[in-house]
Participant: 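Structure provided below as structure tokens; questions to follow.
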Amino acid sequence: MATDRSNEADYVRPVRRLVVGVLALVLLALFLLWRIDSPRIERFRTAVVDAVVPNMEWAMAPVTRVSRMVEDFRSYARIYEQNQELRRELQQMRAWREAALQLEQRNAQLLDMARVRLDPQLTHVTGVVMADAGSPYRQSVLLNVGSRDGIVDGWAVMDGLGLAGRIAGVGDRSSRVILLTDSNSRVPVIVQPTGQRALISGDNTQQPVLDFVESPEALRPGDRVVSASDGGVFPPGLLVGEVAEGADGRLRVRLAADYGRLDFLRVLRSRPAERIEQSGALLRPVDAEGTPLDPTTGVPFIPMQDAPLEEGPEPDAAGTVDAVPALPLPGGAATGGPPNE
């Protein structure tokens, strides 16, 4: 038995070496064949590929199916992750929606209890941006609403979330909007929660400069910036953006309006506030010389002189005065005369 096994091993070893050698020679020949740059060899290679590859589809089918299964599994994994993320966002949006409804109801109740009167004239007209007339030196857009729609020069323009600019030029069917980023734009604002007043100055960048701040060290990045009614330019309380620190170290405003997609803009109808020319009764107007004026007639106001004090009876020539009648006291006694003895 041991002799048969040794004979079999002696027979298999040379055959294995021969097969490995032949295979190595075939691979080397294929390598050289594919490396040779010759038109005849190229035609031969093309003929070999055309003859072998179509007949090898049955062998490539499992590989193709496995690769498709792997790709489908990866796509399913991505879809599953996106689905889970959308579920989380939907849950958060439901919570925010419930909070917004509660706040809206509470706000309506408080307004009703306080009997707050809202301005009925603060409505808006929505227009479509027809053309972007911006340039490196001017930031403006054109709207398809004009004087026929009641647009007035100077009205505020919003993109639905934040203040975008103001009307600066009205035609019959169109109007021009100067954006907050324009170098000619100056907008008074209030920084919350500190309540400091400032001025937004455009410099043809996406983040205009915040100038004339009383206490810059009190501001923090992220503070809310809203419009102020100084000068009667804009209605108060319109969202402008938030405070940010620029690369140059200056305070800037990150605008809430999406300037990359200004497709529709809202023009706010606003009226100038009623001016009170006359002062009240407690604060009297004065003329150039400082004399108080009557607020109703406008004539100099003369205060009433102090009334003279009542004086007693004057003495006669003899130096005597008339007797003052005595007032009766309780008990029947009278004062002013000699007592009864």
Side-chain angles (χ1 to χ4, degrees), residues 96 99-100 102-104 106-107 110-111 114 116-119 121-124 134 138-141 152-168 177-262 264-276:
W96 280 107
Q102 294 179 2
L103 291 176
E104 184 179 2
R106 182 175 299 179
N107 187 29
L110 292 176
L111 290 176
V116 177
R117 179 178 178 178
L118 301 178
D119 188 2
Q121 296 180 344
L122 193 59
T123 57
H124 64 273
R138 188 176 181 87
Q139 302 287 331
S140 63
V141 295
V152 177
D153 195 8
W155 281 359
V157 179
M158 302 184 67
D159 74 333
L161 179 61
L163 185 65
R166 61 181 175 85
I167 298 294
V177 178
I178 294 296
L179 303 179
L180 298 182
T181 56
D182 188 83
S183 59
N184 297 319
S185 176
R186 302 292 185 272
V187 178
V189 295
I190 298 177
V191 182
Q192 297 175 348
T194 58
Q196 297 192 56
R197 297 183 179 272
L199 192 70
I200 293 182
S201 302
D203 58 352
N204 293 330
T205 62
Q206 293 300 318
Q207 295 185 1
V209 181
L210 194 64
D211 288 331
F212 302 103
V213 183
E214 182 179 357
S215 300
E217 64 278 359
L219 302 184
R220 296 293 182 270
D223 288 351
R224 183 184 175 93
V225 180
V226 297
S227 63
S229 60
D230 297 345
V233 180
F234 295 109
L238 300 179
L239 178 62
V240 178
E242 60 182 16
V243 177
E245 185 176 357
D248 54 356
R250 303 180 63 182
L251 291 177
R252 294 181 175 270
V253 178
R254 184 180 295 110
L255 299 176
D258 188 2
Y259 278 65
R261 293 179 295 180
L262 291 180
F264 301 92
L265 292 177
R266 295 190 307 175
V267 182
L268 300 182
R269 292 193 182 100
S270 58
R271 298 292 187 272
E274 182 181 359
R275 300 184 62 182
I276 301 177

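Hydrogens, waters and symmetry mates play no part in the numbers below; they use all other heavy atoms, side chains included. What you see is a predicted model, and the numbers here were worked out from it, not measured in a lab.
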Participant: Who are the side-chain contact (heavy atoms from CB on, under 4.5 Å) partners of Phe212, not counting sequence neighbours?
Facilitator: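 In terms of side-chain contact (heavy atoms from CB on, under 4.5 Å), with neighbours along the sequence ignored, Phe212 is linked to Leu199.
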
Participant: How long is the straight-line distance from CG of Asp203 back to CD of Gln139, given to the nearest 0.5 Å?
Facilitator: 10.0 Å

Participant: Just by distance, do the side chain of Asp159 and the backbone of Ala257 share a donor-acceptor pair under 3.5 Å?
Facilitator: no

Participant: Between Asp223 and Arg220, does any NZ, NE, NH1 or NH2 come within less than 4.0 Å of an OD or OE carboxylate oxygen?
Facilitator: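 Salt bridge between Arg220 and Asp223, a charged N being under 4.0 Å from a carboxylate O: no.
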
Participant: With Arg166, which residues qualify under salt bridge (charged side-chain N to carboxylate O under 4.0 Å, His left out), at least two apart?
Facilitator: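 For Arg166 there are no salt bridge (charged side-chain N to carboxylate O under 4.0 Å, His left out) partners, ignoring immediate neighbours.
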
Participant: Determine all donor-acceptor pairs shorter than 3.5 Å in which one atom belongs to a side chain in residues 188-196; sequence neighbours excluded.
Facilitator:
| from | atom 1 | to | atom 2 | distance (Å) |
| --- | --- | --- | --- | --- |
| Thr194 | OG1 | Val191 | O | 3.3 |
| Gln196 | OE1 | Ser215 | N | 2.7 |
| Gln196 | NE2 | Ser215 | O | 3.1 |

Participant: Between atom CD of Glu245 and atom CG of Leu210, what is the distance when rounded to the nearest 0.5 Å?
Facilitator: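 Going from the CD atom of Glu245 to the CG atom of Leu210 covers 12.5 Å.
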
Participant: So, using salt bridge (charged side-chain N to carboxylate O under 4.0 Å, His left out) as the criterion, who are the partners of Arg250 when residues are at least two apart?
Facilitator: Asp211

Participant: Check salt bridge (charged side-chain N to carboxylate O under 4.0 Å, His left out) between Arg106 and all other residues, then give those that pass, not counting sequence neighbours.
Facilitator: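 Salt bridge (charged side-chain N to carboxylate O under 4.0 Å, His left out) check on Arg106 returns nothing, list empty.
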
Participant: Calculate, to the nearest 0.5 Å, the distance between atoms CG and CZ belonging to Leu161 and Arg266 respectively.
Facilitator: 9.5 Å

Participant: Where do Ile167 and Asp153 come nearest, in terms of heavy atoms and distance?
Facilitator: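 Here Ile167 and Asp153 meet closest at O-OD1, 2.7 Å.
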
Participant: Looking at Leu179, is its backbone amide N or carbonyl O close enough to the side chain of Tyr259 to form a donor-acceptor pair, meaning the two atoms are under 3.5 Å apart?
Facilitator: no

Participant: Measuring only between side-chain heavy atoms, which start at C-beta, is Leu251 closer than 4.5 Å to Val209?
Facilitator: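 When only atoms from C-beta onward are counted, Val209 and Leu251 do not touch, as no gap falls below 4.5 Å.
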
Participant: Quick one, Thr181 with Asn204, criterion side chain to side chain contact (heavy atoms under 4.5 Å, CB included). Give me CA distance, side-chain angles, the key distance, then yes/no.
Facilitator: CA-CA 5 Å; Thr181 56; Asn204 293 330; 5.9 Å; no

Participant: My understanding is that only one of Ile200, Val187, Leu255 makes a side chain to side chain contact (heavy atoms under 4.5 Å, CB included) with Val225; could you say which?
Facilitator: Ile200

Participant: Enumerate donor-acceptor pairs with a distance under 3.5 Å from any side-chain N or O in residues 228-242 to protein atoms, sequence neighbours excluded.
Facilitator:
| from | atom 1 | to | atom 2 | distance (Å) |
| --- | --- | --- | --- | --- |
| Asp230 | OD1 | Arg197 | NH1 | 3.1 |
| Asp230 | OD2 | Arg197 | NH1 | 3.1 |
| Glu242 | OE2 | Arg254 | NH1 | 2.8 |

Participant: Could you check if a side-chain atom of Leu163 sits within less than 4.5 angstrom of a side-chain atom of Leu180, using non-hydrogen atoms only?
Facilitator: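 Yes; the side chains approach each other to less than 4.5 Å.
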
Participant: Can you check whether Ser140 reaches Ile178 side chain to side chain, under 4.5 Å on heavy atoms?
Facilitator: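 They are in contact (side-chain heavy atoms under 4.5 Å apart), so the answer is yes.
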
Participant: Looking only at non-hydrogen atoms, find the nearest pair between Ala244 and Gln207 and report the distance.
Facilitator: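 Closest pair (atom of Ala244, atom of Gln207, distance): CB-OE1, 4.3 Å.
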
